There are 2 protein chains.
Amino acid sequence: MSTKGNEPMSAEPVSTTEGVVPRTFAVLEALTRSPEPMRLSALTLRLGLQKSTVHRILAGLIGLDYVQQNAETGCYSATLKLWELGANVITEHPIKRAASGFLQELQRVTGETVSLVIRAGDDVLYLDKMISPRPIRFTTRIGSRVPAPLTAGGKAILAHAPDAQAVLERTAAGIGGKRRLDVAALTVELQEVRERGYAMASYQPGVVGFAAPIMARGPEAAAAISVSAPAERVDEKGRQEIIEHLLSTCASMAEQVGRL
Amino acid sequence: MSTKGNEPMSAEPVSTTEGVVPRTFAVLEALTRSPEPMRLSALTLRLGLQKSTVHRILAGLIGLDYVQQNAETGCYSATLKLWELGANVITEHPIKRAASGFLQELQRVTGETVSLVIRAGDDVLYLDKMISPRPIRFTTRIGSRVPAPLTAGGKAILAHAPDAQAVLERTAAGIGGKRRLDVAALTVELQEVRERGYAMASYQPGVVGFAAPIMARGPEAAAAISVSAPAERVDEKGRQEIIEHLLSTCASMAEQVGRL
DNA sequence: GCTATCGTTCCGTCATGTGGAACGTTGTTC
DNA sequence: GAACAACGTTCCACATGACGGAACGATAGC
């Protein structure tokens, strides 16, 4: 289809010739994934669609108030209306609702950044986060995904998942060269996690994470809570304290969720 | 929750015969507005569309993973993927980013529920909230809208808005019988708010709210922070303390935002 | 058992989305 | 200052895909 020789790794070929709706969401996904507003040409290139097609879709989205166009630069970005749409989904989420108070308290007693994650396929999804008042520069954001085996929260959940092995293998296969995944070692580690009740990881360099699962109703983990801190801030004593608070928080929360 | 679905005024006539995309979003909006999963018939009635049309749209959304169908009940609901889409919008929002730490601190020192709102048309939009650890039963949720003149946060913003009068009038006209809006009294009140720097309201019965604007860059309020508490918990002394903390928090935040 | 309601599928018609190409605008280079 | 390039927008003939009525199946209620 392309008359031009080289298309960078742009695509996401939108596979077959699809209809408006899938393309509309592809546009929105592209827009929301980009940190800055995007130009039309960037979108067409990213999506592999015609200029006129993308333009028409954008015009429709602007009419619906889901997209706005910067008057000067002409760049497009998603509006808060899109956020409103999604926000109503999560406020109904039972885990998120139940966790809020516990996260707040755990953040207070540890002084570090705490997160709530659930499993989404082979990834973990960050449902909520309360950042440490002390300066840090984490980049994991609420609503983002990370392959489960890379994070403490993911390990805590996988340790109680029947298909953990498959997840490890799929993730190992899917991850590029620089970050190899040692499936055998992780299998052993998950066993340890299951025994001692919490997981550790260092997904981001210089940051250590501790996480424990929320074991409510059934043998699988409904979610996990994690505490993240700069490695140099956590000595052995601090580690002990964090884990203690983490485990008691998760136990309390599991009890409450179980009662619902 | 009792009468959650307003049957009589059901429509939202979708005006003219529109295309797929607007209707698709209408479906999503209806789904996310409803606290519980919806049946197909409820959706068709709510939207005034044909069964087959809604069904087709839902099938498309399910294929895109934005909607799921409960296997037993057959009811439809939006998935977390929709939330993910919107979540990325707000994490880029400068106000929300800047406010996070301040909200947390304000929640800590007051012990009450604090919220961050911005103006959206004639409404305020709840961007963030940190709930009080003590038991309360507020129902304003993140991502929801409320007519600005009804809330403390809205008054704080309107007090510095050039078109405040118009907002008051439109809102008074739009609001039904039970909750009348006294435009004249509110006009006077906005003047007071402007002078003393904070606003008060009792949008929900038994709950008092205090709010102050974030005056960063320019004469208009970029946002407002509010503190809400059960009326019986706030005596004169507590009121003073809350307002003091509130004003200093907003001033600090405005300074930081202005520097960005 | 029969009937009312709901969800799903089918299909002929026609509205609408489609992509190429032409046009207008901005900003960069020599 | 002219020529060019990249980008955004508009236009149009064509056929794809959306539309809604109706028919079909499956439940639940009386």
Side-chain angles (χ1 to χ4, degrees), chain A residues 1-8 10-31 34 36-64 66-78, chain B residues 4-5 7 10-28 30-31 34 36-64 66-78:
Chain A
M1 44 169 63
S2 71
T3 55
K4 307 189 170 187
N6 48 358
E7 303 199 344
S10 63
E12 225 182 288
V14 194
S15 56
T16 62
T17 43
E18 311 188 58
V20 226
V21 178
R23 289 176 174 182
T24 297
F25 281 101
V27 167
L28 284 177
E29 286 172 18
L31 279 180
S34 160
E36 309 99 30
M38 293 182 79
R39 336 190 106 258
L40 176 64
S41 56
L43 274 169
T44 62
L45 198 130
R46 179 95 176 66
L47 301 170
L49 297 173
Q50 290 292 118
K51 279 191 299 183
S52 53
T53 301
V54 178
H55 187 263
R56 187 168 2 98
I57 288 172
L58 284 169
L61 285 170
I62 289 174
L64 292 168
Y66 284 110
V67 165
Q68 60 196 357
Q69 183 174 21
N70 185 310
E72 301 155 18
T73 65
C75 289
Y76 298 90
S77 57
Chain B
K4 59 102 193 166
E7 311 286 18
S10 64
E12 220 175 298
V14 194
S15 57
T16 62
T17 43
E18 310 188 58
V20 222
V21 178
R23 290 176 173 181
T24 297
F25 282 101
V27 167
L28 284 176
L31 279 180
S34 160
E36 309 98 29
M38 292 181 80
R39 339 193 102 258
L40 177 66
S41 55
L43 275 169
T44 62
L45 197 131
R46 180 96 177 64
L47 301 169
L49 297 174
Q50 291 291 116
K51 276 191 301 183
S52 53
T53 302
V54 177
H55 187 263
R56 187 168 3 98
I57 289 172
L58 285 169
L61 286 171
I62 289 173
L64 292 168
Y66 284 109
V67 165
Q68 61 197 355
Q69 183 174 22
N70 185 310
E72 301 156 17
T73 65
C75 290
Y76 298 90
S77 57

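In the text below, chain A, chain B and the rest are named by the order of the sequence lines, each starting its count at 1. The shown structure was predicted, so the numbers you read here are calculated from the model rather than taken from an experiment. Scope of the values below: all heavy atoms of this structure, side chains included, with no hydrogens, waters or symmetry mates.
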- Query: Whole-Å distance between C:dG17 P and A:I57 CD1?
  - Reply: 10 Å
- What distance do A:H55 atom NE2 and A:I62 atom CD1 have between them, rounded to the nearest 0.5 Å? 7.5 Å
- Query: For the pair made of CE in B:M38 and P in C:dG7, what is the distance, rounded to whole Å?
  - Reply: 11 Å
- Query: Among all residues two or more places apart in sequence or in another chain, which pass the side chain to side chain donor-acceptor pair (under 3.5 Å) test with B:Q69?
  - Reply: B:Y76
- Distance in angstrom units between B:L45 CG and C:dT5 P, rounded: 13 Å
- Euclidean distance, B:F25 CZ relative to B:L61 CG, rounded to 0.5 Å: 9.0 Å
- Is there a side-chain polar atom (N or O) of A:R56 under 4.0 Å from OP1 or OP2 of D:dG8? no
- Item | B:R23 side chain near B:L47 side chain, heavy-atom distance below 4.5 Å | no
- According to a strict under-4.0 Å criterion, is A:S41 in side-chain N/O contact with OP1 or OP2 of D:dA6? no
- To the nearest 10 degrees, what angle separates the axes at the start and end of the helix from C:dT8-D:dA23 to C:dA22-D:dT9, five pairs each? 50°
Got a list of protein N/O to nucleotides 21-25 of chain D N/O distances below 3.5 Å?
residue, atom, partner, partner atom, Å
D:dG21, OP2, B:Q50, OE1, 2.8
D:dG21, OP2, B:Q50, NE2, 3.0
D:dG21, O6, B:S52, OG, 3.4

- Separation of A:E29 CD from B:Y66 OH (nearest 0.5 Å): 3.0 Å
- Contacts to DNA chain D from residues 69-76 of chain A, heavy-atom cutoff under 4.0 Å, which residues? A:Q69, A:Y76
- side-chain contact (heavy atoms from CB on, under 4.5 Å) filter on A:S77, not counting sequence neighbours, yields A:P37, A:Q68
- Task: Grab the two heavy atoms, one from B:V27 and one from B:L43, that are nearest each other, plus how far apart they are.
- Result: O-CD2, 4.3 Å
- Item | Heavy-atom side-chain proximity of B:L28 to B:V67 below 4.5 angstrom | yes
- Task: Quickly work out the A:L58 CG to D:dG8 C1' distance and round it to whole Å.
- Result: 11 Å
- Item | pair A:L58-A:L31: side-chain heavy atoms closer than 4.5 Å | yes
- Report yes if a side-chain nitrogen or oxygen of B:H55 is closer than 4.0 Å to either non-bridging phosphate oxygen (OP1 or OP2) of C:dT8; otherwise report no. yes
- Query: B:T53 side chain N/O closer than 4.0 Å to the phosphate oxygens (OP1, OP2) of D:dG20?
  - Reply: yes
- Query: Which distance, rounded to the nearest 0.5 Å, do you find between the CZ of B:R39 and the CG of B:N70?
  - Reply: 10.0 Å
- Task: Could you tell me the separation between the CG atom of A:L45 and the CE atom of A:M38, rounded to the nearest 0.5 Å?
- Result: 9.0 Å
- Message: Output the rounded distance in Å from CG (A:L47) to P (C:dT18).
- Response: 13 Å
- Task: Classify the nucleic acid contact of B:R39 as base, sugar-phosphate or nothing, counting any heavy atom under 4.0 Å across all strands shown.
- Result: sugar-phosphate
